[in-house]
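Below is one structure, written out as structure tokens, with a few remarks after it.
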Amino acid sequence: MKTIRTRTLLLLALAAAGLGAAACQGEQPSLAPAATELKAPEPKAPAAAAFAIDRAGSKVELVMEAPQEKIRGRIAGAAAGTLQVDPADITRTTGLITVDLSTIELFQTAVGDDGKPGEEKKSDLQNQHARTWLEISKDTPDDVRAKNEKAQFAIRSISTSGEKDLSKLSGAERTVTVTASGDLLLHQRQSPRTVELIATFRYEGERPASVTVKTAKPFPVGLAEHDVRPREAFGKLAQKTLEVLSPKVAKEAMVTLELTATAGAAPTAAAADGGAR
């Protein structure tokens, strides 16, 4: 009886340990597949017109809200790429947007003991930490930093519940709301992403001359999914994990973007190579 009881207790202990390990593993978000670059999707229609993104006028922003701190980030004048648009059917639009992360700026708003947010400030140390987490800091090898500075969104399909044919709309400005599905590349990790966009086409005569695209609402990007983790230096993870820092650092960033692209414009050198530095 004693032997049976001992074996039973041992089996129960092993089972409990297995369940505990599985639970711990379940708490860890799985890493997105590794990738170094996204290729521009092929145009879906022979009549598709190329719209080159104006890098200088682009704007990408992010917000990370945690109980003790709010972080706001901006990346101005850093988006490039090309959109392939078929005015007769915008659901056949494809494209590749590339953002240079090297100019990212972070601003923080701390919550005081009274629970009220303080003044927004820019911390040089926090910006340094962000570059270390993203592995684009000065101590990162040049070849690795060049890859990590490139964030991309490949638009592979478009859907809309509204009008698909721009010629059936009227006016010098014609606005449509669409859902863009494709892939996001960040920190050499590729994940599927769906983004709601508002596109306003500006017409000259019977043809669209430019389009302004902005997010209808922010879309989430998980840090752990893209291996953006606390690091002390290149190749050296910090002892404090995202879980430990979660009161001050959110686990995901809510991202918005706005850009203008011009029909028939020759892409800049940055846009030609996907916006890479």
Side-chain angles (χ1 to χ4, degrees), residues 38 40-63 72-100 151-186 192-221 253-268 270-271 274-275:
L38 300 182
E42 293 292 330
K44 291 187 175 182
F51 287 70
I53 295 171
D54 173 22
R55 177 168 180 151
S58 66
K59 182 172 64 175
V60 179
E61 295 188 348
L62 62 92
V63 173
R72 181 178 65 87
R74 66 182 184 190
I75 315 169
T82 303
L83 306 176
Q84 300 286 345
V85 181
D86 179 5
D89 186 351
I90 57 171
T91 64
R92 293 191 285 186
T93 294
T94 58
L96 179 65
I97 303 169
T98 299
V99 178
D100 179 1
Q152 294 181 303
F153 179 48
I155 301 174
R156 305 195 185 280
S157 65
I158 292 285
S159 62
T160 182
S161 59
E163 181 56 61
K164 299 188 296 182
D165 186 349
L166 294 178
S167 68
K168 294 183 179 180
L169 302 176
S170 61
E173 293 190 355
R174 307 177 188 186
T175 300
V176 292
T177 300
V178 301
T179 299
S181 299
D183 294 303
L184 173 71
L185 175 72
L186 174 65
R193 195 69 58 205
T194 298
V195 183
E196 292 186 33
L197 302 171
I198 299 173
T200 299
F201 291 85
R202 291 175 176 82
Y203 267 67
E204 292 181 359
E206 297 182 355
R207 294 182 178 275
S210 66
V211 58
T212 297
V213 179
K214 61 181 180 179
T215 44
K217 62 182 180 180
F219 63 91
V221 177
M254 302 302 295
V255 180
T256 59
L257 66 85
E258 184 173 350
L259 56 86
T260 297
T262 304
T268 63

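Residues: numbered from 1 along the sequence shown.
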- What distance do Glu196 atom CD and Thr179 atom OG1 have between them, rounded to the nearest 0.5 Å? 5.0 Å
- Message: For a quick test of reading the model, state the closest non-hydrogen atom pair linking Asp183 to Pro192 and the distance between them.
- Response: OD1-CA, 3.9 Å
- Message: With a 3.5 Å distance limit and no angle check, can you tell me whether Thr215 reaches the backbone of Leu257 through a side-chain donor-acceptor pair?
- Response: yes
- About how many Å separate CZ of Arg156 and OG1 of Thr93, when rounded to the nearest 0.5 Å? 15.0 Å
- Tightest non-hydrogen contact, residues Leu197 and Ala180, listed as CD1-CB, 3.7 Å
- With no hydrogens and no angle check, do the side chains of Ser210 and Thr262 hold a donor and an acceptor under 3.5 Å apart? no
- Task: Report the distance from atom CD of Glu61 to atom OG1 of Thr256, rounding to the nearest 0.5 Å.
- Result: 5.0 Å
- Taking it one step at a time, do Arg202 and Thr212 satisfy side-chain contact (heavy atoms from CB on, under 4.5 Å)? CA-CA 8 Å; Arg202 291 175 176 82; Thr212 297; 2.7 Å; yes
- Task: Taking all heavy atoms of Pro87 and all of Tyr203, pick out the closest pair and write down the distance.
- Result: CB-OH, 4.3 Å
- Note on the structure: Those residues at least two apart in sequence (or on a different chain) that pass side chain to side chain contact (heavy atoms under 4.5 Å, CB included) with Lys168 are Glu163, Asp165
- Query: Donor-acceptor pair, Ser58 side chain versus Ala78 backbone, under 3.5 Å?
  - Reply: yes
- Is there a donor-acceptor pair closer than 3.5 Å between any side-chain N or O of Arg174 and the backbone N or O of Leu169? yes
- Query: Out of curiosity, Lys164 NZ to Asp89 CG, how far, rounded to the nearest 0.5 Å?
  - Reply: 4.5 Å
- Query: Within the distance-only criterion (no hydrogens, no angle test), does the side chain of Gln152 pair as donor or acceptor with the backbone N or O of Leu38 below 3.5 angstrom?
  - Reply: yes
- Query: Under the side-chain contact (heavy atoms from CB on, under 4.5 Å) criterion, do Val221 and Leu62 qualify, and how do the steps go?
  - Reply: CA-CA 9 Å; Val221 177; Leu62 62 92; over 6 Å; no
- N/O donor-acceptor pair under 3.5 Å between Arg55 side chain and Gly77 backbone: yes
- Task: Quick one: pull up NZ in Lys59 and CG in Leu259 and give me the separation to the nearest 0.5 Å.
- Result: 11.5 Å
- If you round to the nearest 0.5 Å, how far is CD1 of Ile155 from CD1 of Ile97? 4.5 Å
- What closest approach, in Å, do Phe153 and Val195 show between heavy atoms, and which atom pair accounts for it? CZ-CG2, 4.0 Å
- With a 4.5 Å heavy-atom cut-off, do Asp100 and Ile75 have their side chains touching? no
- Is the closest basic N to carboxylate O distance between Lys44 and Asp86 below 4.0 Å? no
- Item | Which atom of Phe51 lies closest to which atom of Val211, heavy atoms considered | CD2-CG1, 3.7 Å
- Query: Can you tell me if Thr160 uses its side chain to pair, donor with acceptor, with the backbone of Thr177 under 3.5 Å?
  - Reply: yes
- Minimal heavy-atom distance between Ala50 and Thr82, with the atoms involved, is CB-CG2, 4.0 Å
